Amino acid sequence: MSSLVPVGLRRRAELIRQQRPSGLRTPPARLLWRELAVLFGARRTPALHHVAMRPGPVMLLPGFGAHPARMRPMAEALAHAGHRVFEWGLGFNLGPTPENFAFLLGRITRIAHEQGAPLTLVGWSLGGLFARELAKQRPDAVALVITLGTPFSGDRRANNAWRAYELVTGHPVDDPPVKGDFAAKPPVPTVALWSPRDGIIAPRSACGWPGERDVAVALRCSHLGFASAPEAIAMVLSVMDSIEPAQR
């Protein structure tokens with residue numbers, strides 16, 4: 001019978017049977033349950049009256065399993081502040097592939113050329129890993145990277161989502177088809193926003209260590225709240241005002 005099971009399904013079954021390495025600290029279950037309140041709660045655009053000091057092009061990259069619509073409150077706030085906001089153009093984020101990564105490299109290069117300025121990349125969770133790797137390969141097209149609860153530091157299994165990730169993508173969380181040293185800092189200003197209340201990603205993984213990012217800022221929102229919480233949006237706006245972008 002096993003020969004009748006598609007290879008992809010067998011591979012996924014093998015992946016989700018893996019045990020988490022001993023000693024890893026992940027967010028407690030009570031914080032994970034709190035994330036559900038954010039997932040199913042009503043979302044609204046916060047009333048932020050902010051005028052950007054350095055208006056420019058910015059691309060938002062959604063988290064794993066999320067659609068760009070989840071980041072609409074942030075997109076609207078950035079646009080109202082005077083920034084020119086672009087979606088990543090790939091719909092739901094179902095994990096990295098050589099094809100979608102190549103698409104993004106071409107997209108940020110084209111937008112930077114058309115806008116006459118490099119982009120700020122704001123990546124939520126897995127979207128932040130995309131943002132960091134894009135900046136490494138196209139530093140001429142990227143002025144600043146801001147990550148929101150992104151697990152770029154430490155073990156890739158120090159979170160409560162790695163089994164779901166492997167089930168959907170069909171590859172190990174620590175061996176993606178797009179290779180890179182995810183802890184290595186991009187050659188542009190890089191700011192990591194993290195939260196001790198994150199119920200999905202271990203705070204240390206999203207905060208990182210000196211040398212893996214330029215600045216780390218602690219917030220008090222949930223992981224899912226990074227895309228729409230007023231304090232997260234306000235901090236992104238503040239970072240874009242205060243961090244001197246790379247001049248290319």
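Quick caveat: nothing in here was measured; it's all calculated off a predicted structure. Reckoned from all heavy atoms, side chains included, excluding hydrogens, waters and symmetry mates.
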Exercise. Can you list the steps and then say if Val236 with Leu193 is a side chain to side chain contact (heavy atoms under 4.5 Å, CB included)?
Worked result: CA-CA 9 Å; Val236 169; Leu193 306 187; 4.0 Å; yes
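- Listed here is the closest heavy atom pair of Pro96 and Tyr165: CD-OH, 3.2 Å.
- Summarising the geometry, atom CZ belonging to Phe86 is positioned 10.0 Å from atom CZ belonging to Arg110; distances are rounded to the nearest 0.5 Å.
- For the pair Val239 and Leu144, the minimum side-chain heavy-atom distance is below 4.5 Å.
- Atom CG of Leu224 and atom OG of Ser125 lie 8.5 Å apart (nearest 0.5 Å).
- Counting heavy atoms from C-beta on, the side chains of Val178 and Glu133 never come closer than 4.5 Å.
- For the pair Glu166 and Arg163, the salt-bridge criterion is not met [side-chain N within less than 4.0 Å of a carboxylate O].
- Pairing each heavy atom of Pro55 with each of His83, the nearest pair is CA-ND1, 3.5 Å.
- Between the side chain of Asn93 and the backbone N or O of Leu61 there is no donor-acceptor pair closer than 3.5 Å.
- Of all the heavy atoms in Ser153 and Glu212, the pair that sits closest is OG-OE1, 2.7 Å.
- A donor-acceptor pair is defined here as one N or O able to donate and one able to accept, closer than 3.5 Å; no such pair exists between the side chain of Arg197 and the backbone of Leu31.
- With rounding to the nearest 0.5 Å, the separation of CE in Met53 from CG in Leu237 is 12.5 Å.
- Counting all heavy atoms, side chain and backbone alike, Pro57 lies closest to Pro118 at CG-O, 3.5 Å.
- Listed for the Arg132 side chain is a donor-acceptor partner under 3.5 Å among the backbone atoms of Ala183.
- In this structure a side-chain-to-backbone donor-acceptor pair under 3.5 Å is missing from Thr150 to Ala206.
- Judged as a side chain to side chain donor-acceptor pair (under 3.5 Å), and not counting sequence neighbours, the contacts of Arg84 are Gln115.
- In this structure the side chain of Met71 never reaches within 4.5 angstrom of the side chain of Ser228, judged on heavy atoms.
- In this structure a side-chain-to-backbone donor-acceptor pair under 3.5 Å is present from Thr109 to Leu105.
- At a threshold of 4.5 Å between non-hydrogen side-chain atoms, the residues Val168 and Phe64 count as touching.
- Under a 3.5 Å cut-off, the side chain of Arg156 and the backbone N or O of Asp175 do not form any donor-acceptor pair.
- A distance of 9.5 Å separates CG of Leu104 from CD1 of Ile111, quoted to the nearest 0.5 Å.
- Remark: Asp174 pairs with Arg157 by the salt bridge (Lys or Arg N to Asp or Glu O under 4.0 Å) rule, at least two apart or across chains.
- Side-chain contact between Val85 and Met74: absent, with no pair of heavy atoms (C-beta onward) separated by less than 4.5 Å.
- With contacts defined as side-chain heavy-atom distances shorter than 4.5 Å, the pair Ile233/His50 does not qualify.
- Taking 4.5 Å as the limit, some side-chain heavy atom of Arg213 sits within range of a side-chain heavy atom of Cys207.
- Not a single donor-acceptor pair under 3.5 Å links the side chain of Lys136 to the backbone N or O of Gly180.
- Residue-environment remark: NE2 (His67) exceeds the threshold of 12 foreign heavy atoms within 6.0 Å.
- A donor-acceptor distance shorter than 3.5 angstrom exists from the side chain of Thr190 to the backbone of Val188, with no hydrogens or angles considered.
- Between the side chain of Asp241 and the backbone N or O of Ala52 there is no donor-acceptor pair closer than 3.5 Å.
- When all heavy atoms are compared, the tightest approach of Pro68 to Gly91 is CD-O, 3.2 Å.
- A distance of 9.5 Å separates CH2 in Trp194 from CZ in Phe226, rounded to the nearest 0.5 Å.
- Here the rule is side chain to side chain contact (heavy atoms under 4.5 Å, CB included) with His223, and of Leu148, Asn159, Asp198, Leu32 only Asp198 fits it.
- Between Pro139 and Pro187, the closest heavy-atom pair is CB-CG, 3.8 Å.
- To the nearest 0.5 Å, atom CE of residue Met235 and atom SG of residue Cys221 are 10.0 Å apart.
- The ring-ring contact (aromatic ring centres under 6.0 Å, His included) test applied to Trp88 returns Phe130, not counting sequence neighbours.
- Residues Phe101 and Leu134 are in side-chain contact: their nearest non-hydrogen atoms beyond the backbone lie under 4.5 Å apart.
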